Amino acid sequence: MRLVLLGAPGSGKGTQAARLREHLQVPHISTGELLRAAVAAGTPLGVQAKSVMESGGLVSDDIVLGMLEERLLRPDAADGFILDGYPRNLVQARALDALLAKIRQPMDIAVQLDVAQDLLVSRLSGRAHVEGRADDSPEAVRKRLSVYEEQTAPVVDYYRNTGKLACLDGVGSVDEVFIRIVEAISPGKDVG
Ligand code: AP5
């Protein structure tokens, strides 16, 4: 199964991807996690990405695509993957299609998690207190949400037009949302 998880910051992509990884037995590939690891390791890419990420902006398309391509070509992704945090704009959506065509691994389904903005803000401010992620400050969260509206929301329409989009309610317990996703991606389910 090759699955793309879409949704605003705080919509639960990472939380659900961790569960889906166990359920589907394919790797969870998060571009945010790959970038945070590069920042923590102080690689040249991480040094370039750090301030953009902390401000809540998007890292350059070229950097993220190169990193993603390298990750998708690792053997553990040969039988599928859960992609979280990519694509984030239409340029990335088209680049992903081209990359997946090149490696002959077409995407099966995109799942969009819908959560109202006030709940997103409350989840992220809750995480700021617990984990202290640099981009969960109120200013960075505001910026991330506006970047999402302007640049990432159009990606949802892009996938709707392919007939491979399932839009799901992301509100409820983690278990409830997980069950919705599993039902939506089950074989034979019409997602168009
Ligand atoms: P990234 O790491 O992708 O962050 P994000 O999209 O902002 O997503 P989050 O991790 O904040 O939220 P999530 O939807 O995964 O929710 P989560 O499960 O964590 O990207 C970070 C940055 O990296 C970007 O801003 C950008 O700078 C850069 N970047 C990454 N990809 C890029 C790309 N492709 N191009 C360019 N730049 C890129 O949940 C959030 C909280 O809510 C948690 O505390 C969780 O416990 C809680 N929660 C989850 N589900 C529920 C539930 N059902 N009920 C109650 N609480 C819940």
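On a predicted model such as this, the values are computed, not experimentally measured, just so you know. Numbering of ligands and ligand atoms starts at 1, following listing order.
Counting heavy atoms of neighbouring residues, nucleotides and ligands inside a 6.0 Å radius, atom CG of Asp114 exceeds 12 of them.
In the vicinity of Ala8, heavy-atom distances shorter than 4.0 Å reach the ligand 1 atoms 14 (O). Annotation for ligand 1: atoms under 4.0 Å from non-hydrogen atoms of Thr15 are 17 (P), 18 (O), 39 (O), 45 (C), 49 (C). Heavy-atom proximity to Gly14, at under 4.0 Å, picks out these atoms of ligand 1: 13 (P), 15 (O), 18 (O). Ligand 1 places these atoms under 4.0 Å from at least one heavy atom of Leu124: 11 (O).
The pair Asp76-Arg71 meets the salt-bridge criterion, with a side-chain N (NZ, NE, NH1 or NH2) lying under 4.0 Å from an Asp/Glu carboxylate O. A salt bridge between Arg180 and Glu183 is absent, with no side-chain N of the basic residue lying under 4.0 Å from a carboxylate O of the acidic one. The residues Arg144 and Asp136 are annotated as salt-bridged, a charged nitrogen and a carboxylate oxygen being separated by less than 4.0 angstrom.
With hydrogens left out, the protein atom closest to atom 34 (N) of ligand 1 is Gly85 O, 2.9 Å, a heavy atom. Scanning the protein for heavy atoms near atom 16 (O) of ligand 1, the closest one is Gly12 N, 3.1 Å. If you check which protein heavy atom lies closest to atom 23 (O) of ligand 1, you get Met53 CE, 3.4 Å. Counting protein heavy atoms only, atom 37 (N) of ligand 1 is closest to Val59 N, 3.1 Å. For atom 44 (O) of ligand 1, the closest heavy atom belonging to the protein is Arg127 CB, 3.6 Å.
Distances shorter than 4.0 angstrom occur between a heavy atom of Gly57 and an atom of ligand 1. Contact analysis leaves Ser30 out of contact with ligand 1, as no non-hydrogen atom separation drops below 4.0 angstrom. Ser173 counts as a contact of ligand 1, since one of its heavy atoms falls under 4.0 Å from the ligand. Residue contact annotation: Arg133 has a non-hydrogen atom under 4.0 Å from ligand 1. At a 4.0 Å cut-off, not a single heavy atom of Ala140 sits close enough to ligand 1 to count as contact.
Taken from CZ in Arg21 to CG in Leu24, the straight-line distance is 11.5 Å, to the nearest 0.5 Å. In this structure, CD on Glu70 lies 9.0 Å from CE on Met67, to the nearest 0.5 angstrom.
Comparing Arg36, Gln92, Arg123, Lys13 by heavy-atom distance to atom 21 (C) of ligand 1, the nearest is Arg36. Of the candidates Thr31, Leu83, Leu35, it is Leu35 that places a heavy atom closest to atom 29 (N) of ligand 1. Closest to atom 12 (O) of ligand 1 by heavy atom, among Gly32, Gly7, Ser11, Gly10, is Gly10. The heavy atom nearest to atom 6 (O) of ligand 1, considering only Met67, Arg144, Arg88, is found in Arg88.
Contact annotation: for Asn89 versus ligand 1, there are no heavy atoms closer than 4.0 Å.
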Criterion salt bridge (charged side-chain N to carboxylate O under 4.0 Å, His left out) on Arg88 and Asp61, from CA distance to verdict: CA-CA 9 Å; Arg88 273 180 133 90; Asp61 292 335; over 6 Å; no

Take Tyr158 and Leu165 through the side chain to side chain contact (heavy atoms under 4.5 Å, CB included) test and state the conclusion after the steps. CA-CA 9 Å; Tyr158 177 88; Leu165 177 74; over 6 Å; no

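The side-chain heavy atoms of Leu145 and Pro9, taken from C-beta on, include a pair separated by under 4.5 Å. Residues Leu72 and Leu100 form a side-chain contact, since some pair of their non-hydrogen atoms from C-beta on lies under 4.5 Å apart. Taking 4.5 Å as the limit, every side-chain heavy atom of Val121 sits out of range of all side-chain heavy atoms of Arg142.
Polar contact check, Gly172 against ligand 1: a nitrogen or oxygen pair lies under 3.5 Å apart. Any N or O atom pair closer than 3.5 Å counts here, and Val177 shares no such pair with ligand 1. In terms of polar-atom proximity, Val64 is not counted as a contact of ligand 1, lacking any N or O under 3.5 Å from an N or O of the ligand. For ligand 1, the polar-atom distance check against Pro9 finds no nitrogen or oxygen pair separated by under 3.5 Å. Checked by distance only, ligand 1 and Glu33 stay at 3.5 Å or farther apart across all their nitrogen or oxygen atoms.
Of the candidates Val155, Leu83, Leu113, Leu6 forms a side chain to side chain contact (heavy atoms under 4.5 Å, CB included) with just one, namely Val155. Considering Leu96, Leu90, Asp97 as possible partners of Arg94, the one that fulfils the side chain to side chain contact (heavy atoms under 4.5 Å, CB included) test is Leu90.
Under the 3.5 Å distance criterion, the side-chain polar atoms of Lys13 are left unmatched by any main-chain donor or acceptor of Asp84.
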